[in-house]
Amino acid sequence: MSKRVIILGSTGSIGSSAIDVISRMGDPWEIVGLAAGSRAAELADQANRFRPRVVAISEAEAAPALTRLLEYAPTVLAGDDAMVRLLDEQACECVVCAVVGSSGLKATIRAVELGRRIALANKEALVMAGALIMPLAARTGATIIPVDSEHSAIFQILHGRRASEVHKVYLTASGGPFRTWSDETMNEITVQDALQHPTWKMGPKITIDSATMMNKAMEIVEAHWLFGLEADRIEVVIHPESIVHSMVEFCDGSMIAQLGTPDMRTPIQYALTFPDRLACPTPRLDLLKLRQLSFHPRDDRRFPALRLGYEVVRRGGTSGAVLNGANEAAVTLFREGVIHYRDITRYTEQALNQHNFNAAPALEDLLAADRWAREEVARCTAC
Ligand code: NDP
Ligand code: MG
C-alpha cells in the first residue's frame, strides 16, 4: 500500500528530521510534496534529492530562485495559499504539519478538511483553533497524531484507553536554560542565552518558547484539545534529563511513563507508522548509563507563562489565539533586541487580560484576535 507524504515546513528542524525518517524507511514511503516559507536554496536541495511532484513556497518573491535551482520540473506553487493548494492538488496518505507558528494554521485546517492523517508538530494551530480543529477532524475522519514528544508519549500510553480512566497526565519539561538561574540573574538574560537549550536541538522560536516556558503553556492547551482533558487533570513536572517524555496516572493509581532518548525522529516516525512500530535510527536508551531521573515542581513565579496555559484552557474562546499571537510577536521583538526576555510573558499576559473576549469564535474571529494581539504587543512596546 502506498504511503505518500507531504511535509509542510520541510526545511525546519522537524521537517528535516521527518525527511530523514522517511528516507530511511524506504519503500512504500514516498515524499510527494514539500513546502517551506522562504528559504529557496534549502527547499530546492531537498526537492532535487527526493523529487516530489509538487513544491510550495509561501514567500512569492522566493519562487524564481526556487525554480532556477530545481534540477527537474515539479509543479511549483508560490504565495500565501501555496500550502493549501499543495494539499488540494496532491493526494497523499499523510501530512506532516511542521510549519512554525500561526502560518501553519490554514494548511493544518485544510489537511483536516481533507480527512488526512496528520502528524502534527505545529502546536500553535491547536492553541489558536483547537475548538474548531478537533470537531472538524471528528466529522471528516482526519486522524491527528501528535509529534510533540510529550503528547506523543501520552498518545502512546493511552493507545485507545478511555479519557475517563485517566486521573492526570504529567507533561514533563526540561526547565530550559534558566531552570537554575536566580530571579536577579534572569534580569540579565540575552538572546544568545535563551537560544541555548540544554537537551533539545530545535528551531529558534520553540527554543525561546522553552526558555520562557511558554512552550509548556502551549503544550497544556495542546493536551487539553488532543486528549479532552480539563486543566485540573494536566500537570507540569520539571524533569531536566528529558528522558521521561510524559506520564499518565490512571484512576487506579497506576502511573505509566514513556521513556526514550531526546530525539524527535522517534515521535515523528511513530506519528507516521502508528499503530505499527518500525526500527528507528535514534540511539537506544541505555538504562544503566542513566545516573538519575529527577522530578521537580514547577516554579510559576520565575516562569509565569505556565499559568497562562491553564488560563487559556479554562477560558477557551479567543484566548488561545491571543496567547499565541502575542507570544509570537513578542518573541520576534525579543530576538530583534527590542524587548527584554521578561517582557515576552509580561506583554502576552497583558494582551490576554485586555482582549475583547469572544467565547464562540469562528475562524475569522480567531484570525482577527491574532492580529489584534500582535498590534497590542507593538503598542506595549511603544509605551
Ligand atoms: P523551524 O524554525 O526549524 O522550521 C520552521 C519551518 O516552517 C521551516 O521549514 C520554515 O520555512 C517553515 N515556515 C515558516 N513560515 C512559513 C510560512 N509562512 N509558510 C510555509 N512555511 C513556513 O521550526 P521547528 O521545526 O523547530 O518547529 C516547527 C513546529 O514544530 C513548531 O510548531 C514547533 O513548536 C513544533 N515542535 C518542534 C520541535 C522541535 O524539536 N523542533 C519539538 C516539538 C514541536 P523556511 O525554512 O523557508 O523559513
Ligand atoms: Mg514538547
Side-chain angles (χ1 to χ4, degrees), residues 6-20 33-47 55-63 65-66 77-87 96-108 118-128 146-155 171-176 195 197 199-210 213-223 226 236 239 242 244-246 258 262-268 271 309 324 327-328 331-332 335:
I6 290 176
I7 306 176
L8 308 177
S10 64
T11 50
S13 163
I14 293 289
S16 47
S17 293
I19 289 184
D20 182 56
L34 291 175
S38 59
R39 293 192 297 159
E42 286 81 355
L43 182 58
D45 277 351
Q46 293 178 336
V55 182
I57 192 149
S58 295
E59 195 176 295
E61 299 76 51
L66 173 63
L77 304 171
D80 280 346
D81 62 346
M83 288 189 290
V84 168
R85 279 157 55 214
L86 162 60
L87 294 171
V96 178
C97 290
V99 171
V100 62
S102 58
S103 305
L105 177 63
K106 284 184 183 164
T108 300
I118 298 158
L120 185 70
N122 181 225
K123 68 190 83 178
E124 293 92 341
L126 277 185
V127 171
M128 291 180 76
V147 164
D148 216 350
S149 57
E150 298 78 0
H151 305 73
S152 172
I154 295 167
F155 185 83
L171 299 174
T172 51
S174 72
L195 284 170
H197 196 278
T199 47
W200 293 96
K201 200 172 169 331
M202 309 178 284
K205 192 258 178 183
I206 184 176
T207 304
I208 305 283
D209 286 345
S210 300
M213 299 206 67
M214 193 64 82
N215 180 51
K216 211 50 60 180
M218 290 199 282
E219 290 184 357
I220 293 167
V221 185
E222 187 184 9
L226 285 170
V236 171
H239 169 53
S242 297
V244 175
H245 296 312
S246 276
Q258 187 257 340
D263 187 321
M264 289 306 294
R265 287 177 296 178
T266 308
I268 291 169
N324 183 68
N327 177 60
E328 274 190 39
V331 168
T332 303
R335 287 176 66 194

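Note that ligands are numbered from 1 as they come in the structure, with each ligand's atoms numbered from 1 the same way.
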>> Please list the nearest protein heavy atom to atom 29 (C) of ligand 1 with its residue and the distance rounded to 0.1 Å.
In response: V99 O, 3.7 Å
> Out of curiosity, L66 CG to E59 CD, how far, rounded to the nearest 0.5 Å?
Replying inline: 12.0 Å
> Hey, does the side chain of R85 reach the backbone of L77 with a donor-acceptor pair shorter than 3.5 angstrom?
Replying inline: no
> What protein heavy atom sits nearest atom 3 (O) of ligand 1, and how far off is it?
Replying inline: S13 N, 2.8 Å
> Quick one: OG on S102 to CE on M128, what's the gap to the nearest 0.5 Å?
Replying inline: 5.0 Å
> For atom 26 (O) of ligand 1, what's the nearest protein heavy atom and its distance?
Replying inline: G203 N, 2.9 Å
> Just heavy atoms, cut-off under 4.0 Å: does S10 contact ligand 1 by side chain, backbone, both, or neither?
Replying inline: backbone
> Taking only heavy atoms of M264, which atoms of ligand 1 are found under 4.0 Å from at least one of them?
Replying inline: 40 (O), 42 (C), 43 (C)
>> Considering H151, E124, K123 one by one, which has a heavy atom nearer to atom 32 (O) of ligand 1 than any of the others?
In response: E124
> Closer than 4.0 angstrom: is that true for some heavy atom of A98 and an atom of ligand 1?
Replying inline: yes
> Is the shortest distance from a heavy atom of E42 to ligand 1 less than 4.0 Å?
Replying inline: no
>> Are any of the N/O atoms on K201, whether in the backbone or the side chain, positioned under 3.5 angstrom from an N/O atom of ligand 1?
In response: no
> OE1 (E150) to the Mg ion (ligand 2) to OD1 (D148): angle, nearest 10 degrees?
Replying inline: 100°
>> Using a 4.0 Å cutoff against the non-hydrogen atoms of S58, which atoms of ligand 1 qualify?
In response: 17 (C), 18 (N), 19 (N), 20 (C)
> Is it true that a side-chain atom of E222 and a backbone atom of H151 form a donor plus acceptor pair closer than 3.5 Å?
Replying inline: no
>> If I apply the N/O under 3.5 Å rule, does R39 come out as touching ligand 1?
In response: yes
>> Check this for me - ligand 1, G12, N or O atoms closer than 3.5 angstrom, yes or no?
In response: yes
> Going from CG on L195 to CE on M202, what distance comes out if it is rounded to the nearest 0.5 angstrom?
Replying inline: 10.0 Å
>> How long is the straight-line distance from OG of S103 back to CG of L8, given to the nearest 0.5 Å?
In response: 11.5 Å
> Nearest to atom 35 (C) of ligand 1, what protein heavy atom do you find, and at what distance?
Replying inline: A121 O, 3.1 Å
> Closest to the Mg ion (ligand 2), which N/O/S atom of E219 is it?
Replying inline: OE2
> For atom 25 (O) of ligand 1, which candidate among I14, V147, L8, N122 provides the closest heavy atom?
Replying inline: I14
>> If we check side-chain contact (heavy atoms from CB on, under 4.5 Å) with L120, which of these qualifies: D148, V147, V96, T108?
In response: T108
>> Can you tell me how far apart NE2 (H197) and OG (S174) are? Round to the nearest 0.5 Å.
In response: 3.0 Å
>> Below 3.5 Å, N or O to N or O, backbone or side chain included: is there any such pair between G37 and ligand 1?
In response: yes
> Which residue owns the protein heavy atom closest to atom 5 (C) of ligand 1, what's the atom, and how far is it?
Replying inline: V100 CG1, 3.6 Å
> How far is atom 33 (C) of ligand 1 from its nearest protein heavy atom, and which residue and atom name does that atom have?
Replying inline: I206 CD1, 3.9 Å
>> Closer than 4.0 angstrom, basic N to acidic O: yes or no for E124 and K205?
In response: yes
> Going from CG on D263 to OG1 on T199, what distance comes out if it is rounded to the nearest 0.5 angstrom?
Replying inline: 12.0 Å
> At a 4.0 Å threshold, what atoms of ligand 1 neighbour a non-hydrogen atom of S103?
Replying inline: 17 (C), 18 (N)
> Are any side-chain N or O atoms of T172 and backbone N or O atoms of V244, one a donor and one an acceptor, separated by less than 3.5 Å?
Replying inline: yes
> For ligand 1, which atoms have a heavy atom of T11 less than 4.0 angstrom away?
Replying inline: 8 (C), 9 (O), 10 (C), 11 (O), 45 (P), 46 (O), 47 (O)
> Hey, mind stepping through K201 and S13 against side-chain contact (heavy atoms from CB on, under 4.5 Å) and telling me if it holds?
Replying inline: CA-CA 8 Å; K201 200 172 169 331; S13 163; over 6 Å; no
> Going by the order shown, which atoms of ligand 1 are within less than 4.0 Å of some heavy atom of D148?
Replying inline: 43 (C), 44 (C)
> Does ligand 1 have a heavy atom under 4.0 Å from the side chain of M83, from its backbone, from both, or from neither?
Replying inline: side chain
> Are any side-chain N or O atoms of E219 and backbone N or O atoms of L171, one a donor and one an acceptor, separated by less than 3.5 Å?
Replying inline: no
>> Can a donor-acceptor pair be found, under 3.5 Å and without considering hydrogens, that links the side chain of N215 to the backbone of I206?
In response: no
